[in-house]
Every structure is written in C-alpha cells, then in structure tokens.
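Note: hydrogens, waters and symmetry copies are ignored here, and every other heavy atom, side chains too, is used. Predicted model, so just to flag it, every value in this text is computed and none were measured. So that the names make sense, note that chain A is the first sequence line, chain B the second, and so on, each numbered from 1.
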Number of protein chains: 4
Amino acid sequence: MTDRFPVAILGASGYVGAELLRLALGHPRLEIAALGAKRQAGVLPETLFPRLSGLDLPPFVDVDEFDGSGCALVFCCLPHSTTQETAARLVPAVRVVDTSADFRLRDLASYAEWYGTPHLAPELQRDAVYGLTEHARAALGSASRVACPGCYPTSALLPLLPLLSAGLIELEPIVIDSKSGVSGAGRALREDLLFAEVSEGIRAYGLGGHRHTPEIEQELSGVAGSDIKVTFVPHLVPMNRGILTTIYVNPRAGVAATDLQACLEAAYAAEAFVQVLPAGVVPATREVRGSNQAHLGVADGRGGQAVLICALDNLLKGAAGQAMQNANVMLGLPEDIGLMAGTLAP
Amino acid sequence: MTDRFPVAILGASGYVGAELLRLALGHPRLEIAALGAKRQAGVLPETLFPRLSGLDLPPFVDVDEFDGSGCALVFCCLPHSTTQETAARLVPAVRVVDTSADFRLRDLASYAEWYGTPHLAPELQRDAVYGLTEHARAALGSASRVACPGCYPTSALLPLLPLLSAGLIELEPIVIDSKSGVSGAGRALREDLLFAEVSEGIRAYGLGGHRHTPEIEQELSGVAGSDIKVTFVPHLVPMNRGILTTIYVNPRAGVAATDLQACLEAAYAAEAFVQVLPAGVVPATREVRGSNQAHLGVADGRGGQAVLICALDNLLKGAAGQAMQNANVMLGLPEDIGLMAGTLAP
Amino acid sequence: MTDRFPVAILGASGYVGAELLRLALGHPRLEIAALGAKRQAGVLPETLFPRLSGLDLPPFVDVDEFDGSGCALVFCCLPHSTTQETAARLVPAVRVVDTSADFRLRDLASYAEWYGTPHLAPELQRDAVYGLTEHARAALGSASRVACPGCYPTSALLPLLPLLSAGLIELEPIVIDSKSGVSGAGRALREDLLFAEVSEGIRAYGLGGHRHTPEIEQELSGVAGSDIKVTFVPHLVPMNRGILTTIYVNPRAGVAATDLQACLEAAYAAEAFVQVLPAGVVPATREVRGSNQAHLGVADGRGGQAVLICALDNLLKGAAGQAMQNANVMLGLPEDIGLMAGTLAP
Amino acid sequence: MTDRFPVAILGASGYVGAELLRLALGHPRLEIAALGAKRQAGVLPETLFPRLSGLDLPPFVDVDEFDGSGCALVFCCLPHSTTQETAARLVPAVRVVDTSADFRLRDLASYAEWYGTPHLAPELQRDAVYGLTEHARAALGSASRVACPGCYPTSALLPLLPLLSAGLIELEPIVIDSKSGVSGAGRALREDLLFAEVSEGIRAYGLGGHRHTPEIEQELSGVAGSDIKVTFVPHLVPMNRGILTTIYVNPRAGVAATDLQACLEAAYAAEAFVQVLPAGVVPATREVRGSNQAHLGVADGRGGQAVLICALDNLLKGAAGQAMQNANVMLGLPEDIGLMAGTLAP
C-alpha cells in the first residue's frame, strides 16, 4: 500500500461523490483514507449502497469535522456554496479537487451575482485552476485547488475553445442547446425530479439564466480575448446519465464545416478522452455512458450555421471522471490511470 | 347512426392510423366504414391490438383494393411515397385527409429532390391544402385533399408563422432544435429503434437534412414573402410521445421578448388547441401528452436571441389529432368535437 | 347545467385526484363544484398543472374547511389516515367515494394493526361498501360511503374472486406477484421515487407485509368462507402507469386451465371494463394504459400451478376510474359514462 | 504481451459478444486475437460501435471461416442452434466458452424437444460442462467446452441449489417469477422489442414454456436427486439491463426463513460474485448494473411460502461476466481478474 496516495472523498453519498468512490476503488494508485458525508455521518457506506457490500469501507465521517490531515488529496463533491468554508478548514498541505461551482468563477462579483451569496474564501479563489483538463494541463501540476467545470460547460467548451482560439467562428451568435440526463441534478428531493414527473417527457429549464452560463462565458471570453455572451438553454431528458449538447455557430467567411472538423481533429489528436468522430458519424450519449470519453461531431446547417455536437457522461467526463483525470495530473500519475473503463452499452 | 359520417382509415395498423382509430371511436359524429392495412389485410384489429377487444370492428381491408366508395372522408396514414397512388385510386367524391408527406410540397421538383422519387399524382397535388389548421382554416371547408403537416413542422410553424407575419423577427438565422419521442419514427423494424438502442440515451439525427425541412421552409417563405432557409436538427429522446421544439431567432431591432409573447397571445387567443403559456412558464411535453394541445412559450436569450418553445404530442396535434381537427372543419362540424380529451399525466 | 350533478374532488393535486379531475371534466353529467387540496389551498389549478390552462377552474379550497354542502357526491383522494376525519366533517347528505384505505377494512382491529393508528370514525366504517364495482354493484346504489379498493387488490381480486367462488382452486397456496408503475406510490417526496433511483431498475418492496394484503385477504376470505392467507410481493417497475399481477394458484383436482378460463369468461361476459383475453393472448399493461379496462388471462404452469394474469392502469381501474365507475352506479347513471376513452398507445 | 492469452470472440456484434469484448479489453491477461461476426464480416468494429474509436481493433472475421487456430480460448456468443456446427469446426486444441444454449442440456432428446431441431454435435455435448461457476468450479479447470447458463437460470439456480442440496425446501411447488431487461432478448429485429412497444409497460411472455425451463429443471433435479418441475414465468421490463427473479418455495416443516438465509450465507461466504444481503435488505437490479455480482435475499411470505430474490445484470453475471469468470478458472487465472468493476449507478 505504500505506493498508493491516500485520498478522501467529501460528499460521497451524492451521485458525483459515489461515482468518484467507484473510480477510486478501481484505481491502482489511490487508497480511500476517508469518506465524508453530512447527514450520513457515522453510517456505513454499504448501508446506503448495498452494492458496496463486502468491501469493508469505513463509516462516513462528518464533513464539518474533517480537516484532511494525512490525505494527499481531497475530492470535494459537496453542494454549491458549502465548499468554500469546507476548503478553508483543510490543512494547508492537502490538495483539493472540487466538483462544485464554488471556485469556478474568477470574478468574485460574478459569483455573488449568479449564486446569490458572497464568496467566503476569496484568497483561496485566487490560485484556483479551472480544470478542463485538456486545456488546463500546464497549470494542474502545481495547483493546490482545482475547480472542475460543470457538466454543461465541459460539453460546450470542448468543441468551442479550439474553434474560437483558431478564429474560425464568429463571436456571436453562439447558441448552446443542451440535453441532460437526470443525475445531473443530483439526489435532491425535488418534486420535479420524481420518476413520474420526468419519465415520458422532455422540458427546457433555466430559461432565466442557468448558473453554468457565466462559466462558459468566462472561458470563451478568455480565449477570444473579448466579452462573449451565449444563449444557453438546458433541457431535462428522461435518462439517468448523459449530456448531448448541440451548438449553433456561424463560421467566419470562407470557413467550411470541414475546416472546423480539421481544427478539432488537430486539437484533440493526442487526447485519450476526446474523440472527434469521422464526418457523418453523429455523437450519441449511449456511446459514452460509463466512460470518461467526450465524443465530438461537426455538421453543416442549411441556414448558414455550423452545428457542433458533443456527447459525454455527465457523471464522468462531466464531473467525477474529469475530477479523477485532474487528480492524476496533479499527482504526477498517467492521466488515464483508473479511467479506461469502456462504455457500458446498452 | 344516420347522423354519422362514414369514414375509412388506411394504414390503421401503424401508430398514426391506430391513433386516428382511437379518436374516431370516441367521435360522436363519425362511424368507421373501413379500416385498411397492407400486410394485415383480412386480420381482425383486436388480433393485432388486444385493447380493441369487444369492439366488433371489421377486419382490415387491403389498401390496394380500396376505392373509398361509400365514405364521406378517408384518412390516409400510409408510408411516404405510397399515398399518391392510393389517392389516385379513390372515387372522386371522397375527400382525403393525408398524414404522409405525399401532398405537402407544392413544388414538384422539391418533392422529387427530398423524397428521391418523382411525384406520381401532380394533378392531385395542385389543389391539396397544407393543413396546419389554425393557419389554413379558410381553405379547408371546400378542400378535396388535405395534407397534414409533419410533426416537426407543426411544432416549428405554430410559433414562427405569426412572428414572421408580423415582421417581428429577422429572416435569418432561424435555428430549430427539436426533440422527439420515438413513435414519430413509426413502427418500422429498424435496429436503431429497438428499446435497447434508444433507452437511456439521446442522439441527433438527420444532420444531412431531415425531410421535414422543405415543408418548414415552404410555409415560412410563404408568409415572409422571401426565400427562407433554416437550420433544423431533430433529436431522438427516450420517450414514446411528445415533441419539444426550441427555436432560436433574432428579434428585429427594438423588439423585445414581451412583444413576441404578445403577438403569439393575440394570434392564438381564440384557438382551442394552441395555448400560449404565461411568461415564465416553460412548455413541457408531459403537459400535452394524450391531448391535441400545443403549448407555446417565449423567453429571452443572453446572446441576443429570443427563444421560442413549442410542446405537443407528435401523434395528436403533430399527426392524428390535427388530421381529425381538419376533418371536423371539412365536414362542417365543430372543430373540437372528439378532440377534447385532457392530458394523460403522469 | 341543471342535468349535471355537482361533485367535489378532495386531494385534487395528487395523481389520483388529478386523474379524477380529468375524468370529471370529460363527464357529461358531472360538474365540478369544488377542488380541495391541503398545501395548495388558494392556488389556481392551472398554476400547478399548465395542462389545465384555459379551463377556468376555481382555486383549490382548503380540505380542512370543506363540508361538502351543495355537492351530490365527494371524491376523497387524500392520504391514508386523514380521510376518516375529513369524512366525519362532511354534511350527512353528501355521498362519499374514497380512494384511500381509510374505509376498506371492516375489522377495526385489523385497520389499527396494519395502519398503526386507531380508526377515527368507526360509525362511518360500519356502512362503508368495499367498491370493487363488478362484485359490489348491488350495494352501491344506496351506499353513503364507498371505499374503492387499492390498485393491487383490484388486480388480484378480479381474477381470484370468481374462481374461489366457484370452488375451482385450492385455498392455498395463493401467490400474488405484482409489478406496478411508479405513480402508484403517489407524488410523495421520497428519495427512492426519484427518477435516477427508479429508472433502469426493478426491485421488490413491502416484503414485511404490504398494506394491501389485509384487503385482499378480507375479500378472498369472504367468498371462500374461510380464513385465507396470501403471499403477496409487490415490485416497482420503471414506468409511470400500469399494474401487472401474476398469480400462482393450485387448481383443484380435475380442474384444468381451460375450466378457469371458462369460469372467468362467464363471470365477466357482460362487463364493460373486464376483458378475459382469448387463451394464448397474454395481458400487457400497455394495452390498458389510459383506459378503465382490466385484462385477464389464464395459463398452465408446469409445476402443477395455474397462472392468472391481470393488467390494468393503476390510476384508472386501480383508482380514479373505478371511483368514477362507482359514482356512476351510485348516481343512477350508466356505469360506463365518461369512462370509455380508449387505451393510449404507445 | 507474452503473458497474455490470445482469445477470440465470435458473435462480437451482438450484445453479449460486445460485452465480452468490453471485458476482454480491460482484462490484463487476455489479448484479442480475432473478433467474429456473421453479417458484419470485414467491417471495422468502430464502424458499428463508435465507442470503440481509437482502439485499433481488427475487422470482424467471418464466423464460418474461423477455426480458432492460434487461440487459447474462444468465446462463442452466437445465436442458439448455430454454435454446434461452429464448435465442431474449431481445431481440437482450442477451448470454448459458449453463451448460447447449444451445449447446456445433457439430454439430447430434451434439446431436440425444446429447440425444435436435433443436436448436431452429440459427441461435443458429452464432455460439456454446465458453467454456473460457483457450482461447477471443480470441473472447469480441465474442461474443453463450457456451456454458460442462461441469464434466467443463473438467477434461479444461485438461490435454489444450496437450499435443495441442504434439504431445506420442498421439491414442489417451486414458482419462479422473473423480470428481465430488454437486452436479454438480444439485438433481434422484432417488432415487440421496439422502444415504443416496450417502454411504459410490462408484460409476461413464454407462458407456453420458456426455453430456459429445462436448464433450470436439469440442474435442480441433479442436486435434488429426483425429477423436479417448476412453474417459470418471465416478464419483460422497460429497462436495458437487469434480472430480478422472485422465487416462491415451501420450506420443509420446522425450517424458517432465517435457516434459508443462514444456508445461503454459508454457501456463498467465500464467493467474490455472490452477495447474500442482510435480512431486510431487498435485492434490486440497480445495485448490480454493470457489475458481475449477484445479490440474494430471503423473506417470509404470509401464505406459508418463503420468498427468495436474486438480482443480477443479465449481460454480466447472466452472460458475458460469467463467461469470463469461467474462462479465468479454465486458464488458471484468479477468478475475479478483469471482473471487479463496480456497479454503475445511477
């Protein structure tokens, strides 16, 4: 066991935390030092999840009494607006990979505006890295604190960043129409997430402005060098996992869909977790369920737009998988270790 | 029974035809004169559909031997490219309500291009009415032949036509992102429609150009008075029924989302089957499943676009329900007769 | 309107109450006098259910302040253990159709044992009729208070009662394996009813003894003339509506499955809402979704058992539909009025 | 690569074969020597399954031209009644793990009766091992040919074999009520497997006698030492993966459910892939989806029966997972190698 890094997972009773636990259990270089939960402190994980029977995991510890001592790295999978205080409580040596929104927005005023509460740890925000792994790798090695992108932003930024960076598309309009499975909303007890409210139907939501919008705009504006506004509409689909994001952009004059395809292929040629599908093959969430892959596709629209499509598993490349990918880089491990499970289909 | 119009339903073993049969059985002014099918000729309907047990329906007749004698009206729910010949075989007196694409495109060349086969009944096309009921009512009363719009076009045209007609939105870009339940593909034996291929996933399709595109462009161009091209991307959602269409348009200078809302409210104030939901209420397919209603909503996008949303049941307002609505108008009956069943939820 | 009976629906914001509202709105001889709810008092129904837009329904009244004055009949669709007090509050003239368990068990001690609380209106229990319509018709005409059977008991009793009554099957073992859609659990905010907990899985529950057990045993014992115990195991299926109950019984010596089939066919030959399917046709919930029909089937098991199968829509024949059927009989109306909507498929 | 056994997978385009491919790709001691398919011969696997992009797999070879040369072991995942001929064509040295029914029944007459065709390789049947791993381990080490149990039989035999072996339950009645996800039917193009026919419904099937019955009876009779007949009714559930089998048995006089629980706990205490859940915890398919685990539970029924429940993933412990478990034993590898992936939830 001496060659394993001790890690903790806080919020291990939620969907993202439990997914990280699953990944950590199959990871040859990590060991579980602690599992933290709030309401479930003291409970054995297998009581909550019979699937963990026989694994002899320790009982959940109280997140509010956890300081990270003895851990090389802590995965924080807590609800938004609770992680800033938790992170501030950890001993300085421990490194943090956070899947909440608490450290994603560099602009503290923007955070306060979108999340309705002032930022509680501005000094910790300062050196937080926005961890879209493929575009943040250089900063990850020495990062103390990594904010993993939201599931929707991951699906929007992977296709858009290289194209904006290469100047192939207009800065507006950028229309992002996303469709997500229900696990993206977490395990909250909300009437609109009951099976009988979700099944056999689809609906848009967040039309007044979904909280993933400022993240997307922050990162796009960063590479474009100017202030970008996007129209982003998420939809809830009756499935457990998966995000399919369809993006409508205007290619610059003289740029064809094949140029966009070539740009994305070049950008991601060496990546283990981003596949640009051949022209004519359309990304589908079923092809990435249970894997850390993002599938990208490009097509022409008749009305002058190009269509970009990204499919990923919201709990993996959109959350726990990307968190583990970041942790691997931070710990100096091969980036794909513990993450190569294939798609579970059907 | 003398106050009932005798009608036939051709293609009654398919999803749309069977839905029309259900509607006709509950309609107080229609009686079933004949049910036509191709492969199932001679079979009793209750053999195919145990739910029809005890209704004493006649066996399916062979579509190819049916001429419509004795019928006031024939509902044709046959596959695309087979209805032109069938319609040509009917006695002249019988009126036709068709749910296929065979009589939807006024431009015969466009039909040939999109459907890959020349039009077989050009003379019948000439006086066919495109039956989006709310916008075609005047022509329906005396129509011999009504081509019901496709499910996707219905969901796109209901919100777009009044706005274009009023000059409130730019003619481009018009981006139509549609999400449909699986029954929209009919009962075809296709591997990609198997439960285990569809469930727990979402995918885009028809990126090279879905056949509903020319219909949408034909009708939009008609009211706009100029040639309109749209970017239309349909998606397959793991549910049986329902279409949710999210449309991204650019309001003209000085036009706000509230103006679009007001325009739609005025356009459909007197309509029984189109509800413009109050600002802030977002259409969802679960609210229209099993009913002939279309729900419309309007919202602002951050990137300068306005967002229009339409929800409807693809088998009802998107197919059989609208067909019955058209038939009611054609026969001089109240438009809502036999169509007032409420939404089935959950 | 003078030919319409004024009715109230209490608990109209729940699944069963909302289903009764849908039925009542399509019923030619009823008018809505009041809609009662607890948490939603004062709210307009269309605020909760956009599908009710444009119907001009009155706001929900507070159930606790409702006494039924002016109503011919009140449908009570309130949670278990709250209806006894509500019913006691109503003016004596009003008749009650209750879909809760509060008046189903004739033995007050059994009620207290299974529901963990003493019966609060024993005098009202005395003349309550257990309303499995096909087997209770004689008593319904003059009943003041009708307790509609639970969804599971309806599916078990319809096939079992005639066979026990005719002495064709042994009194034990009787094994009842039921599979239900999720709406049967109501709209309660329970983590185990969230989409992401239910979808893509099946589980048994209530193994310690589901509360529908004593109802089933009460009615079976009644016709058998001796104390019957059953093994009843319900399962939760990832679908909104539907119950499929598979029952394993031992035919008495010399009795074949064809005899059981003949007995059921004779028992239900004149019934509008029970169809005994031909031998070899297996009941399926999809064939009864959205209708008030129960489908019955019989088959031979290899191990000496006979297999009885019943499919019904838990919200209709299993709850609101049967409630309306009972109300029709109580009010002297044709039993099938307002209940003839066909199966919604797919 | 010298420490990897070369294996082939025949029928790799079907659900079970593709699942074995996924397992083999993550297995540290196997290498893919060949992938066989019938209709897809010559096609690249990633053309059929975009999820395999970037893995550089060889094109499918024609099953009919494959003789297994150079392979240590061949996984046959071909349709029933085609494997006997395929197996006879292989070079003698190659060992076979078969997931079809072709070598499961020791009695050739029974095979002919249930499958409607004579056995084509009786001499190969003679030394075939019925590979329910936990009960066949001794014979697997030297086996040339292992017939993996069907998914239903696995779920029935795991709880029943130890109880019959210990004489704790009566030999009849044994009622087996199984509920399966749709992938169990394979990828066949059948109308009744279309999404719109399966979703939102449940149905029984195979009432005339499902082909998994003789397997179950063969193995139960084997341990009981007398001829056992079971009543087995499978049901189709709208989910991709998972089998939940509920079994109703009569404990012998003086035997309580706790005795059955203790017997199962003892029988499987050392097993990696069978978990007997604590009393009161009910198996659910969601807890085993994506893993090779079988979860067992025991409860009392009121009517004198005991209730046994087994949950497993039909494509893993019910097919490909058990096949790999058998292969590991045959090759002298640790039994759990390549099979320890945790449950994917939700």
Quick one: which of [options] has the most heavy-atom pairs under 4.5 Å with chain C, could you say?
| options | value |
| --- | --- |
| D:Val237, D:Val282, D:Asn240, D:Ile174 | D:Asn240 |
| D:Phe195, D:Phe232, D:Trp114 | D:Trp114 |
| D:Pro283, D:Ala196, D:Gly181 | D:Ala196 |
| D:Leu236, D:Val233, D:Ile202, D:Val307 | D:Ile202 |

Would [X] and [Y] pass as an ion pair if we require N to O under 4.0 Å?
| X | Y | answer |
| --- | --- | --- |
| D:Asp313 | D:Arg286 | no |
| D:Glu170 | D:Arg252 | yes |
| D:Lys179 | C:Asp177 | yes |
| D:Arg302 | D:Asp300 | no |
| D:Glu19 | D:Arg241 | yes |

Less than 4.5 Å to any heavy atom of chain D: does that hold for the side chain of [X], its backbone, both, or neither?
| X | answer |
| --- | --- |
| C:Gln305 | both |
| C:Val230 | backbone |
| C:Glu287 | neither |

- If one checks every heavy atom of D:Ile309 against chain C at 4.5 Å, the contacting part turns out to be side chain

- Message: Is D:Thr213 in contact with chain C via its backbone, its side chain, both, or neither, using a 4.5 Å heavy-atom distance?
- Response: side chain

- Can you measure from CG (D:Leu158) to NZ (D:Lys317) and round to the nearest 0.5 angstrom? 6.0 Å

- Message: Determine whether the aromatic ring centres of residues D:Tyr205 and D:His235 are separated by less than 6.0 angstrom.
- Response: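 When the ring centroids of D:His235 and D:Tyr205 are compared, they turn out to be at least 6.0 Å apart.
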
